[in-house]
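Here's the structure we're looking at; comments come further down.
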Amino acid sequence: MKLAKIALAGTVALGLVPALTGTAAAHPVTSRTLTDSRLYGAGPLPATACRERPVKKGDARSVKVYLNEALRCLTRTWGTELRRANLKPSPVKLTYATEVPAKYCGDKWRKGDWDGFYCETSHTILIVLSKDLLRQPGDLYLFNLLATSYGEHVQNVTGMYRAYYKLDYRNKAELAEQTRRYSLQNTCFAAASLRSVWKSFRRDPEDWDDLLFYVRGWAGTYVGNRKSITYWANEGFKSGDPRACNTWTAPSSKVA
C-alpha cells in the first residue's frame, strides 16, 4: 500500500517548513468529503457470494487465480455500495510482478513497502509475487492484501484521497496522524470487504483472529499502532459498514 504523504513527512523532518514548538493536539479534520462522505450513508456492504480458489505453496498461478476471483467479488460488492451512495464506480486493473520494481506509479518502491500497491492515477493494483509471499500464501491474507489496495481505490473514487492529500498540517506529528487516519480507514474498509464475503467463505471465527494477528504486524508511525489497527479492523469486520470506518471524526486516541 502506498501512503501518499509519507514523502512530505521527510520534508517536515528536514526543517524545510517553519518549525513549530510544543505538542499541541492535531487540528480537527473539517473536510466534509472525509467526515461526511455519502459512502457512510449507504448502509452495510451487500453480502456477496465469493468462491475461494485453492492456493498452493510456491505456485504463482494459483495465487493469481485466487486474487482474480477475489477482485471480481470486490468489484461487485463495492460497485453496488458506491451506486447506493450515488457515487460512480470505476474499474480496477490488477497486474502482477515477480520482483519488486524500481519504480511504480511514478514513485520509487521504498524498502519495506507491502506486497500490494495501488496507483491512484491509473486505478491499477500491483501485487508482487515475491518468494516470501509464495512460500506462505495464506488465502485470507491474500484476500485482505487485495482488499486493502481496493480500499485505497474506494478512497480515490469517492474523493477521499484528494481531500486527505490537501489537508494542511502544522508539524510532523500532525501529518503522521492524518496519514494514520487515512491508513486505518483503509484497514477498516478491507475488513468490511471480508465481512461481505465471509458467509460464502464458510470460515470459523478463529480464521479472523489469525488474520488479525498478521494485520497487527503492519503497525507503524504512519499506519497506526497495534491497538488502533485492532480496533478499526474489528469495527469494519463486525459491522461490514463503511459508516463504522469514519476515522476522520475519531479522537486522536483512536488513531494513535
Side-chain angles (χ1 to χ4, degrees), residues 1-7 37 39 42 45-46 48-55 59-85 87-110 113-134 137-165 182-183 185-194 196-197 218 236 242 245:
M1 183 180 75
K2 181 173 69 173
L3 299 177
K5 275 184 157 180
I6 286 181
S37 173
L39 187 64
L45 294 175
T48 302
C50 188
R51 178 181 177 184
E52 280 197 284
R53 304 284 183 170
V55 178
D59 184 0
R61 181 181 178 278
S62 68
V63 171
K64 289 180 181 179
V65 170
Y66 181 96
L67 289 171
N68 290 341
E69 180 65 22
L71 178 61
R72 284 190 282 270
C73 298
L74 289 166
T75 300
R76 291 199 304 272
T77 295
W78 282 105
T80 298
E81 188 75 354
L82 289 167
R83 285 188 287 270
R84 284 178 177 174
L87 294 164
K88 186 178 180 181
S90 178
V92 175
K93 292 177 284 187
L94 180 58
T95 187
Y96 300 95
T98 56
E99 295 181 359
V100 172
K103 274 190 172 185
Y104 180 70
C105 198
D107 292 327
K108 290 183 179 179
W109 193 282
R110 294 177 295 272
D113 270 340
W114 297 2
D115 293 312
F117 197 106
Y118 173 71
C119 181
E120 70 281 351
T121 54
S122 64
H123 294 190
T124 301
I125 297 171
L126 172 65
I127 301 294
V128 180
L129 302 176
S130 63
K131 290 181 180 179
D132 287 341
L133 181 66
L134 294 178
D139 38 20
L140 277 187
Y141 177 85
L142 291 172
F143 186 93
N144 188 71
L145 177 65
L146 183 64
T148 300
S149 290
Y150 203 99
E152 282 200 274
H153 177 67
V154 171
Q155 289 171 310
N156 189 19
V157 300
T158 57
M160 291 179 179
Y161 168 78
R162 183 177 292 275
Y164 147 71
Y165 198 84
Y182 177 81
S183 179
Q185 181 173 60
N186 195 23
T187 296
C188 186
F189 281 171
S193 297
L194 185 57
S196 74
V197 299
W218 293 341
C245 301

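We're numbering straight along the sequence, starting at 1. What you see below is based on every heavy atom in this structure, not just the backbone, and it leaves out hydrogens, waters and symmetry mates.
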Problem set entry | Those residues that, when tested against T75, pass side-chain contact (heavy atoms from CB on, under 4.5 Å) (two or more places apart) | L71, Y150
Exercise. Between D115 and S130, is any pair of side-chain heavy atoms under 4.5 Å apart?
Worked result: yes
Exercise. How close do S149 and G116 get, heavy atom to heavy atom, and via which atoms?
Worked result: OG-C, 3.9 Å
Exercise. Hey, are the side chains of V157 and L87 touching, using non-hydrogen atoms and a 4.5 Å cut-off?
Worked result: no
Exercise. How long is the gap from OH on Y66 to CG on D139, to the nearest 0.5 Å?
Worked result: 5.0 Å
Please set out all donor-acceptor pairs under 3.5 angstrom arising from side-chain atoms of residues 89-101, sequence neighbours excluded.
residue: S90; atom: OG; partner: H123; partner atom: ND1; Å: 2.9
residue: Y96; atom: OH; partner: K64; partner atom: O; Å: 3.4
residue: Y96; atom: OH; partner: N68; partner atom: OD1; Å: 2.9

For this session: Taking the side chain as every heavy atom from C-beta outward, state whether L142 and L133 have any atom pair closer than 4.5 Å.
Result: yes
Exercise. Got L39 and L82 here, is their nearest side-chain heavy-atom distance under 4.5 Å?
Worked result: yes
Problem set entry | Any S196 side-chain heavy atom under 4.5 Å of E81 side chain | no
Exercise. Where is the tightest heavy-atom contact between A42 and A85, given as atom of each residue plus distance?
Worked result: CB-CB, 3.9 Å
Exercise. If you measure from OG1 on T48 to CH2 on W78, what distance do you get to the nearest 0.5 Å?
Worked result: 11.0 Å
Seminar exercise, completed: Interatomic distance, CD@E152 vs CD@Q185, rounded to 0.5 Å, equals 11.0 Å
For this session: Report yes if some heavy atom in the side chain of F143 is under 4.5 Å from a heavy atom in the side chain of L74; otherwise report no.
Result: yes
Exercise. Any donor-acceptor pair under 3.5 Å linking the side chain of N156 with the backbone of Y161?
Worked result: no
For this session: With side-chain contact (heavy atoms from CB on, under 4.5 Å) as the test, would you mind laying out the steps for C73 and E69 before giving the verdict?
Result: CA-CA 7 Å; C73 298; E69 180 65 22; 4.2 Å; yes
For this session: May I have the step-by-step check of side-chain contact (heavy atoms from CB on, under 4.5 Å) for V55 and Y141, ending in yes or no?
Result: CA-CA 11 Å; V55 178; Y141 177 85; over 6 Å; no
Problem set entry | Under the side-chain contact (heavy atoms from CB on, under 4.5 Å) test, residues paired with R162 that sit two or more places apart | K166
Exercise. So do the side chains of F189 and P242 get within less than 4.5 Å of each other, counting heavy atoms only?
Worked result: yes
Exercise. Can you tell me how far the CG atom of L145 sits from the CG atom of L140, to the nearest 0.5 Å?
Worked result: 12.5 Å
Exercise. Would you say the side-chain atoms of R76 pair up with the backbone N or O of C50, donor to acceptor, closer than 3.5 Å?
Worked result: no
Exercise. Between I125 and L146, is a side-chain contact (heavy atoms from CB on, under 4.5 Å) present by the stated rule, with each step listed?
Worked result: CA-CA 8 Å; I125 297 171; L146 183 64; 3.9 Å; yes
For this session: On the 0 to 90° scale, with breaks at 30° and 60°, tag the Y182-Y164 ring pair as parallel, tilted or perpendicular.
Result: parallel
Exercise. Can you tell me how far the CG atom of D107 sits from the CZ atom of F117, to the nearest 0.5 Å?
Worked result: 5.5 Å
